[in-house]
Amino acid sequence: MLSESYDPSSLEGKWQEAWEKRGVFNAPDPDKDPLKRPKYYCLCMFPYPSGEIHMGHLRNYSIGDVVSRYKRMRGFNVMQPIGWDAFGLPAENAAINRGVHPREWTLKNISQMQRDLRLMGIAYDWTREVATCLPEYYRWEQLMFRRFYEQGLAYRKKGHLNWCSNCETVLANEQVHDGKCWRCDGPVTTRDLYQWYLKITLYADQLLKDHEQLKAGWPERVLEMQRHWIGQSEGCRIQFAVENSKDVIEVFTTRPDTLFGVNFVTIAPTHPLIQSLVSDAGVKKIIEMLSDQVKVMDRGKPPEKKEGVFTGSYCVHPITGERVPIWVGNFVLMEYGTGAVMAVPAHDERDYEFAGLYKLPIKVVINPAAGAKAEVGKAFIEAGILVNSGPFTGMKSEEAKSKIGEALEKKGLGERTTQYRLRDWGISRQRYWGSPIPVVYCDDCGVVLVPEKDLPVELPKDVAFTGKGGNPLEKVETFWSVLCPKCGKNARRETDTMDTFVESSWYYARFTSAQYSAGPFEKRAADAWLPVDCYIGGIEHACMHLLYSRFFHKVMRDWGYLSSDEPFQKLLTQGMVIKDGAKMSKSKGNVVSPHAIIEKFGADTGRLFSLFAAPPEKDLDWNEKGVEGCYRFLGRVWRLFYQFHAQLASPAGTPDLSSLSSVLHVIRRKAHWAIQKTTDSIEETKFNTAISAQMELVNEVYLLMARDAKAFESPQGRFVLREAVGVLVQLLAPFAPHLAEELWAAMGNQDFVATSVWPVADPKLLSDDTFLLVIQVNGKVRDRISVARGLEKAQVEALVKELPKIKEQIAGKSIKQFVYVPGRLANVVI
RNA sequence: GCCCAGAUGGCGGAAUUGGUAGACGCGCUGGACUCAAAAUCCAGUUCUCGCAAGGGAGUGAGAGUUCGAUUCUCUCUCUGGGCACCA
């Protein structure tokens with residue numbers, strides 16, 4: 001028995017329970033699906049369990065839920081899992097600030113957020129839930145680390161690293177924002193530490209090339225960002241022998257064609273050869289100064305002005321044999337290329353500026369090609385024709401690039417290579433709350449992997465969190481004091497833990513067989529489910545997470561763990577939730593809690609608004625009035641249904657539909673139009689327009705009700721009404737699933753609307769015999785008439801010319817042209 | 001500085017990809033219902049001139065292509081995001 005007014009609180013919990021009890025959203029593996037449906041793996045980026053769900057989550061999961069509920073109704077075997085990205089710094093900070101153990105804090109947050117997600121009614125397969133902080137999960141990561149190491153894909157090196165003294169942890173370059181720690185905003189200094197690295201650079205080429213496979217499903221701007229992040233450039237490594245020394249300075253250049261224009265070589269202040277090249281103590285000091293500046297630059301800020309100093313040493317030009325002075329420049333980065341550049345001031349802007357600053361010679365070796373022009377007082381950086389370049393004079397830049405490269409290769413003084421901007425991924429973190437790196441250091445044996453049988457290396461529970469003095473694990477002797485697995489002597493366990501991006505690099509694969517206990521995941525299941533068909537999350541992950549997981553996927557493929565090349569077929573990046581012009585955040589005090597919204601209006605309303613207010617990829621402006629509007633719409637649906645629920649409660653029979661009254665015909669057409677529009681909009685991931693189509697359908701029915709209340713009483717009227725309302729309920733099901741389920745049941749259906757078959761529009765009801773012809777004169781709309789389809793241009797022209805309004809316009813003027821677009825408009829050009 | 005994205009009523013946003021600009025929602029105005037209010041239903045709502053019929057302007061600014069431009073091209077301004085002396 002339906003209540004008179006829409007009361008979400010009385011029905012949402014009921015349906016959530018019913019779905020879960022019947023396991024409606026639990027997906028059998030595709031190769032074991034009794035219904036043999038095609039698979040659809042829909043995944044939202046899993047949350048960090050920070051405590052409460054926020055609006056960004058509500059939005060993210062509402063989007064994912066529309067996709068997965070829609071696909072299910074379209075006949076797919078949909079798997080939408082959920083889990084927890086549960087390692088990370090906030091838990092450790094909570095331990096420091098509030099004395100709660102990170103594990104307790106995290107697990108408590110998880111159970112809180114599980115409740116929240118259930119309240120939202122998201123269609124999750126809870127049987128596949130994972131939490132990355134549990135040994136059942138991270139043990140496999142340790143196993144994979146072993147493989148990385150065994151295959152030379154993991155290595156240790158001392159690095160010049162960003163150090164946050166606040167968090168007492170190393171930060172990746174990309175985790176430093178404005179010279180501050182991205183998480184705590186504390187100041188960043190530098191430190192030299194041994195770190196574990198994963199060789200993502202080895203896959204740079206593939207990560208770039210396989211963009212080809214992603215073109216159709218990923219937003220172009222994300223690919224663009226990754227392209228820049230990987231930063232491929234073709235060029236040459238060239239060796240400049242240091243005069244009177246065995247040392248060699250190697251440079252990388254994308255312009256070997258300008259080799260004869262080298263006036264000097266500039267090396268980074270942190271270049272390893274500095275000590276041997278610079279003798280004078282005063283000069284050393286300046287270089288130290290420069291070196292400090294480069295450290296600043298490493299953190300994201302270029303030096304205000306170029307500075308440099310002559311080392312006093314020379315090197316030898318690889319082809320001409322000329323003496324080339326060696327300078328140190330504060331703008332040369334040790335991290336990119338070789339830490340040294342050949343300076344060609346005539347054809348490089350930075351070198352030009354530097355040469356001007358220190359009054360260095362500028363030798364022109366490229367002339368503009370015919371038609372092009374060089375500007376006076378500037379470097380000519382484009383390609384052209386070589387001059388003053390010995391045997392290469394007269395060649396075009398492109399040709400010279402390969403010819404000079406060849407010549408260098410012959411002499412053994414250079415090679416053509418591809419250079420990447422991408423750096424290897426440092427994964428060591430000096431933190432407690434992460435997966436231990438399964439390594440032991442032995443004085444005799446060196447680096448020794450923890451044997452597979454001893455995995456997982458579990459985090460000790462009894463640890464003190466003071467917030468001072470580095471990683472708490474270093475103070476747990478029972479943890480780090482171990483016997484060498486190889487020789488049995490006293491040894492020391494690695495106390496660094498892994499970057500949490502490691503966990504999120506393969507969780508999507510774990511979901512395919514979350515309970516599997518013989519490996520990270522079962523190959524059969526992974527191959528059955530992967531790649532993820534639709535991956536949904538924030539654009540901020542464009543370069544880090546989305547590159548790391550692509551890298552992991554390829555490595556796992558090469559190990560034979562799975563067979564696909566790419567993890568995510570389609571990527572949907574969603575915008576931020578904004579309120580009063582700023583991102584919703586605690587610090588800004590403009591947070592609206594999803595809880596409050598669910599309590600006041602129900603989950604359906606919250607979901608609906610987050611989908612209606614903006615298309616997914618755009619920022620969403622939170623507006624309480626708009627939320628009320630969505631609530632009103634659902635109420636309108638409810639009242640419409642309530643008014644007729646006696647008629648709607650059972651099937652309407654099959655009356656003759658060939659002679660419908662015009663109002664009923666209009667309703668039918670609108671219902672089928674709404675099916676088509678909603679379907680198209682969802683396919684294009686424009687959920688806002690899908691919802692507006694449903695609103696239009698409701699408005700149409702209301703209008704008829706107001707004008708001809710008895711129209712629905714005839715057998716045909718009953719049929720049309722039931723068809724329209726039934727369609728509406730189904731179209732609404734991915735957006736407002738609880739309400740839809742309630743009304744579906746009230747229509748006498750025994751199954752769930754969630755598993756019902758998505759309606760299909762009747763094409764006959766989508767087109768019309770006539771259309772509204774727009775008539776323009778010189779491109780300006782002057783009239784509109786309804787005309788039959790299929791008229792010839794001449795017929796239309798005759799028709800148009802007789803219209804009084806048009807006659808008036810063309811009186812006394814000659815017609816230059818008559819444009820007719822069938823089905824749309826006519827334009828009279830006078 | 002470089003790269004990417006964007007700019008449409010009072011507001012959030014539509015527009016079949018070159019063909020009626022402003023769907024849908026919010027807000028506002030008026031009406032019905034009510035003793036009244038709320039809720040609900042109906043109507044109107046880009047600006048501007050006009051009593052009206054009707055005219056004019058209009059998608060950040062300026063130019064261009066076209067019968068026709070929110071859509072394509074160029075220049076500029078602003079906003080958001082990313083990267084940064086990348087050789």
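Note that the coordinates shown come from a computational prediction; the quantities given were computed from them, not determined experimentally.
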Next item on the list: Give the B/S/- string for nucleotides 1-15 of chain B, one per nucleotide from 5' to 3', where a protein heavy atom under 4.0 Å of the base yields B, of only the sugar-phosphate yields S, and otherwise -.
Entry: --SS-------BSSS
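- Between A:His545 and A:Tyr548, the distance from one ring center to the other does not fall under 6.0 angstrom.
- Residues A:Gly308 and A:Tyr358 share a closest heavy-atom pair of N-OH, 2.8 Å.
- Among the atoms of the strands shown, none is found under 4.0 Å from any heavy atom of A:Phe818.
- Between A:Arg255 atom CZ and B:A87 atom P there is a gap of 11 Å when expressed in whole angstrom units.
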Next item on the list: Verify side chain to side chain contact (heavy atoms under 4.5 Å, CB included) between A:Gln232 and A:Arg421, making sure each step is shown before the conclusion.
Entry: CA-CA 7 Å; A:Gln232 185 184 56; A:Arg421 181 185 167 278; over 6 Å; no
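- One can place CE of A:Met342 at 20 Å from P of B:C85, the figure rounded to the nearest angstrom.
- Within 4.0 Å of A:Gly629, counting heavy atoms only, lie sugar-phosphate atoms of the nucleic acid but no base atom.
- Picking from B:U20, B:A87, B:C24 the nucleotide with the shortest atom distance to the side chain of A:Met695 gives B:C24.
- A donor-acceptor pair is defined here as one N or O able to donate and one able to accept, closer than 3.5 Å; no such pair exists between the side chain of A:Arg636 and the backbone of A:Tyr702.
- Comparing B:A87, B:U20, B:G19 by their nearest atom to the side chain of A:Thr253 picks out B:A87.
- B:G62 and B:G55 have their P atoms separated by 25 Å, given to the nearest Å.
- Among the heavy atoms of the strands, none lies under 4.0 Å from A:Arg227.
- Taking the C1' atom of each, B:A15 and B:G22 are spaced 8 Å apart, rounded to whole Å.
- In this structure, the side chain to side chain contact (heavy atoms under 4.5 Å, CB included) partners of A:Asp351, at least two apart in sequence or on a different chain, are A:Phe331, A:Ala343, A:Pro345, A:Asp348.
- Considering only side-chain atoms of A:Lys625, the nucleotide from B:G19, B:C26, B:A87 that sits closest is B:C26.
- Using a 4.0 Å cut-off, no side-chain N or O of A:Arg824 falls inside it from OP1 or OP2 of B:U16.
- Here the C1' atom of nucleotide B:A87 and the CD atom of A:Glu250 are 13 Å apart, to the nearest Å.
- A gap of 10 Å separates the P atoms of B:U70 and B:U20, to the nearest Å.
- Between the OH atom of A:Tyr631 and the C1' atom of B:A39 there is a distance of 11 Å, rounded to whole Å.
- Across the strands present, B:U77 finds its partner in B:A7; the criterion is a Watson-Crick or G-U wobble pair with both atom distances under 3.5 angstrom.
- For A:Lys401 and B:A87, the NZ to P distance is 11 Å, given to the nearest whole Å.
- To the nearest angstrom, C1' of B:G68 lies 8 Å from CG of A:Leu825.
- Under the 30°/60° scheme for interplanar angles, the aromatic rings of A:His317 and A:Phe260 are found to be tilted.
- Using modelled atom types and a 3.5 Å distance limit, the side chains of A:Ser233 and A:Thr254 yield no donor-acceptor pair.
- Atom-to-atom, CZ of A:Phe641 to P of B:U40 comes out at 20 Å; the value is rounded to the nearest Å.
- With distances taken from any side-chain atom of A:Val774 to the nucleotides B:U20, B:A84, B:C67, the minimum falls on B:U20.
- Nearest nucleotide to the side chain of A:Arg639, out of B:C85, B:A21, B:C41: B:C41.
- Contact between the side-chain N/O atoms of A:Asn827 and the OP1/OP2 oxygens of B:U66 is not found at any separation under 4.0 Å.
- At least one side-chain nitrogen or oxygen of A:Arg632 sits closer than 4.0 Å to the OP1 or OP2 atom of B:G27.
- Annotation: B:G13 and B:C85 have their P atoms spaced 35 Å apart (nearest Å).
- A:Asn699 comes within contact range of the sugar-phosphate backbone alone, with a heavy-atom separation under 4.0 Å but no base atom that close.
- Minimum heavy-atom separation, A:Ala340 to A:Ile249: CB-CG2, 3.6 Å.
- When the options A:Glu224, A:Gln226, A:Glu220 are evaluated for a side-chain hydrogen bond (donor to acceptor under 3.5 Å, both in side chains) with A:His211, the one that passes is A:Gln226.
- Rounded to an integer number of Å, the gap from CZ of A:Arg782 to C1' of B:G55 is 9 Å.
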